[in-house]
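What's counted below: heavy atoms across the whole structure, side chains too, no hydrogens, waters or symmetry copies. Count residues from 1 along the sequence.
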Amino acid sequence: MGSRAERRTVVVTGANAGLGFWTTLRLAESGDRVVMACRSAERADAAAAAIRCRVPGAELEIVRLDTADLSSVAEAAAQLSTLERIDVLIENAGIVHTPASRQQSVDGFELVAATNFFGHFALTAALLPPLERTPGSRIVTLGSLTALWPWPRLDDPQLQRFYNAFVAYARSKLMLQSFGFELDRRLAASGILVRSLVAHPGYSISGRTPRVPSVNEPRLGKRFRDNLQAPFAQGKHRGAMPVVLAASDPSPPAGLAYYGPKWMLKGDAALNSPARETTNRTVAAAIWAEAERATGVSFSL
């Protein structure tokens with residue numbers, strides 16, 4: 001483990017469970033200082049305790065962040081901006097088990113889009129200054145295999161006319177993944193030496209993930225059902241590896257960089273080819289404009 005002076009500072013949103021927990025654990029094992037930006041302080045404390053049991057020298061901090069609440073995003077960003085450096089911002093927090101009917105965030109946005117994308121858009125804009133002052137810094141956004149599905153209609157970005165739980169999740173991850181790629185293009189065009197990379201976990205499920213008390217405790221029935229999917233599914237401890245690679249790759253490729261499992265659904269971390277819709281600049285411009293309009297954040301590069 002590196003000395004305190006050598007440690008990178010990595011911010012992980014939604015670090016207390018799922019992919020965020022395993023990403024945080026792997027980074028702590030590598031000697032990074034990790035700031036766990038989580039909605040629940042209690043769950044973050046439990047996750048931090050579990051990590052310290054495995055990595056006694058882990059340097060962990062907790063910042064409260066609810067990406068579905070722009071006031072919480074602003075408060076967290078103000079706190080995080082006081083850090084001397086931010087080497088990596090990993091935008092992982094999100095709703096996976098989406099509500100059956102359309103719900104709104106405290107700011108009046110469709111809840112899944114607010115949590116998975118709009119909050120991260122506002123957070124990224126606010127944290128660009130500390131990222132800029134950190135040499136070699138990068139942003140890692142979490143994409144999804146749902147990006148391979150046909151692109152939902154852009155004229156209803158918050159599903160006001162038609163809501164479907166799966167479409168809500170796919171829409172939010174498509175927006176986040178597209179934003180990650182467009183951000184990299186705009187940063188490069190502006191001469192800002194911050195990279196924006198995208199990673200996806202393949203098909204990673206809880207029932208194939210090691211048990212961690214207070215963090216991951218799937219019931220026997222879920223373990224049984226999930227293990228039936230073993231030929232094409234992996235645990236979240238494996239799904240986190242592309243995220244860790246994106247956060248730590250010493251030489252990410254020029255242009256759009258997309259990390260995922262070698263065999264798309266599962267496997268060792270490797271570079272992947274993104275869905276075409278998420279690299280379409282017309283689509284990206286529409287998503288960026290909607291994010292600025294909805295959040296009130298002017299994110300000009």
Side-chain angles (χ1 to χ4, degrees), residues 12 14 17-23 25-27 90-98 112 116-117 120 138-152 164-185 195-210 216 218 222-223 225-249 251-280 283-284 287:
V12 181
L19 296 167
F21 171 83
W22 291 101
T23 298
L25 174 60
R26 299 306 178 217
L27 293 170
I90 299 179
E91 301 182 329
N92 162 82
I95 296 177
V96 176
H97 303 293
T98 50
V112 183
N116 294 4
F117 173 54
H120 282 125
R138 64 189 63 180
I139 299 155
V140 179
T141 55
L142 268 289
S144 169
L145 288 175
T146 58
L148 295 169
W149 284 65
W151 173 251
N164 172 275
F166 179 81
V167 171
Y169 179 77
R171 168 73 59 87
S172 70
K173 299 305 285 188
L174 280 161
M175 289 194 292
L176 184 60
Q177 185 166 313
S178 176
F179 165 66
F181 290 137
E182 179 65 10
L183 177 60
D184 195 61
R185 286 186 290 250
R195 289 299 309 272
S196 174
L197 315 176
V198 180
H200 78 91
Y203 184 34
S204 301
I205 50 182
S206 298
R208 291 188 51 75
T209 306
N216 185 65
K222 179 168 179 55
R223 283 226 179 263
R225 291 192 301 273
D226 284 4
N227 279 312
L228 292 176
Q229 304 178 71
F232 50 87
Q234 62 185 4
K236 294 187 178 182
H237 61 306
R238 297 278 295 163
M241 297 314 294
V243 185
V244 174
L245 179 58
S248 306
D249 188 348
S251 300
L256 305 184
Y258 186 53
Y259 299 82
K262 182 177 182 179
W263 308 114
M264 188 170 69
L265 294 173
K266 60 185 294 187
D268 293 337
L271 286 168
N272 283 192
S273 297
R276 185 167 53 187
E277 289 85 351
T278 64
T279 64
N280 183 311
V283 171
I287 290 169

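To the nearest 0.5 angstrom, L142 atom CG is 8.0 Å from I90 atom CD1. Separation of atoms CD (Q229) and CG (L265) is listed at 10.5 Å; rounding is to 0.5 Å. Interatomic distance, W263 CH2 to N272 CG, rounded to the nearest 0.5 Å: 11.0 Å. A distance of 11.0 Å separates CG in N164 from CZ in R171, rounded to the nearest 0.5 Å. Once rounded to the nearest 0.5 Å, the distance linking OH of Y203 with NZ of K236 reads 10.5 Å.
Side-chain contact between L19 and H237 is absent, with no heavy-atom pair separated by less than 4.5 Å. T278 has its side chain within reach of L174: a pair of non-hydrogen atoms, C-beta onward, lies under 4.5 Å apart. N92 has its side chain out of reach of V243: every pair of non-hydrogen atoms, C-beta onward, lies at least 4.5 Å apart. Counting heavy atoms from C-beta on, the side chains of P261 and P242 come closer than 4.5 Å. The side-chain heavy atoms of D184 and R195, taken from C-beta on, include a pair separated by under 4.5 Å. A 4.5 Å side-chain heavy-atom check between E91 and I139 finds at least one atom pair inside the cut-off. Between D249 and R138, the closest side-chain pair of non-hydrogen atoms falls below 4.5 Å. Side-chain contact between H200 and S144 is absent, with no heavy-atom pair separated by less than 4.5 Å.
Between I205 and A233, the shortest heavy-atom distance links the atoms CD1-CB, 3.6 Å. Among all heavy-atom pairs drawn from L197 and A257, the shortest one is CD2-CB, 3.6 Å. Nearest heavy-atom pair, A240 versus W22, reported as atom, atom and distance to 0.1 Å: CB-CB, 3.8 Å. Closest non-hydrogen pair, P201 versus G143, comes out as CD-O, 3.8 Å. Across every non-hydrogen atom of A165 and T98, the tightest pair is O-OG1, 3.0 Å. Smallest separation of non-hydrogen atoms from P274 and T279: CG-CG2, 3.7 Å.
S196 contributes a side-chain N or O that, together with a main-chain N or O of G180, makes up a donor-acceptor pair within less than 3.5 Å. Under the 3.5 Å distance criterion, the side-chain polar atoms of Q177 are left unmatched by any main-chain donor or acceptor of A147. Without hydrogens or angle criteria, K173 side chain to A168 main chain gives no donor-acceptor distance under 3.5 Å.
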Original post:
Passes side-chain contact (heavy atoms from CB on, under 4.5 Å), L27 versus S248? Steps please.
Top reply: CA-CA 9 Å; L27 293 170; S248 306; 4.1 Å; yes
**OP:** Report the C-alpha separation of T141 and H120 in whole Å, then their side-chain angles, then the decisive distance to 0.1 Å, and conclude whether the side-chain contact (heavy atoms from CB on, under 4.5 Å) test is met.
**Re:** CA-CA 9 Å; T141 55; H120 282 125; over 6 Å; no
**OP:** Report the C-alpha separation of V112 and F117 in whole Å, then their side-chain angles, then the decisive distance to 0.1 Å, and conclude whether the side-chain contact (heavy atoms from CB on, under 4.5 Å) test is met.
**Re:** CA-CA 8 Å; V112 183; F117 173 54; over 6 Å; no
Subject >> Trace of the side-chain contact (heavy atoms from CB on, under 4.5 Å) decision for F166 with T146 >> reply: CA-CA 9 Å; F166 179 81; T146 58; 3.8 Å; yes
Subject >> D268 vs R238, salt bridge (charged side-chain N to carboxylate O under 4.0 Å, His left out): CA-CA, chis, key distance, verdict >> reply: CA-CA 8 Å; D268 293 337; R238 297 278 295 163; 2.9 Å; yes
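In this view, R223 satisfies the salt bridge (Lys or Arg N to Asp or Glu O under 4.0 Å) rule with no residue, not counting sequence neighbours. A search for salt bridge (Lys or Arg N to Asp or Glu O under 4.0 Å) contacts involving R208 returns nothing, not counting sequence neighbours. Partners of K222 under the salt bridge (Lys or Arg N to Asp or Glu O under 4.0 Å) rule, at least two apart in sequence or in another chain, are D226.
Under 3.5 Å, the side chains of Y169 and N116 contain no donor-acceptor pair of N or O atoms.
Ring geometry for Y258 against F181 counts as perpendicular: the plane angle is over 60°, on a 0 to 90° scale with 30° as the lower cut.
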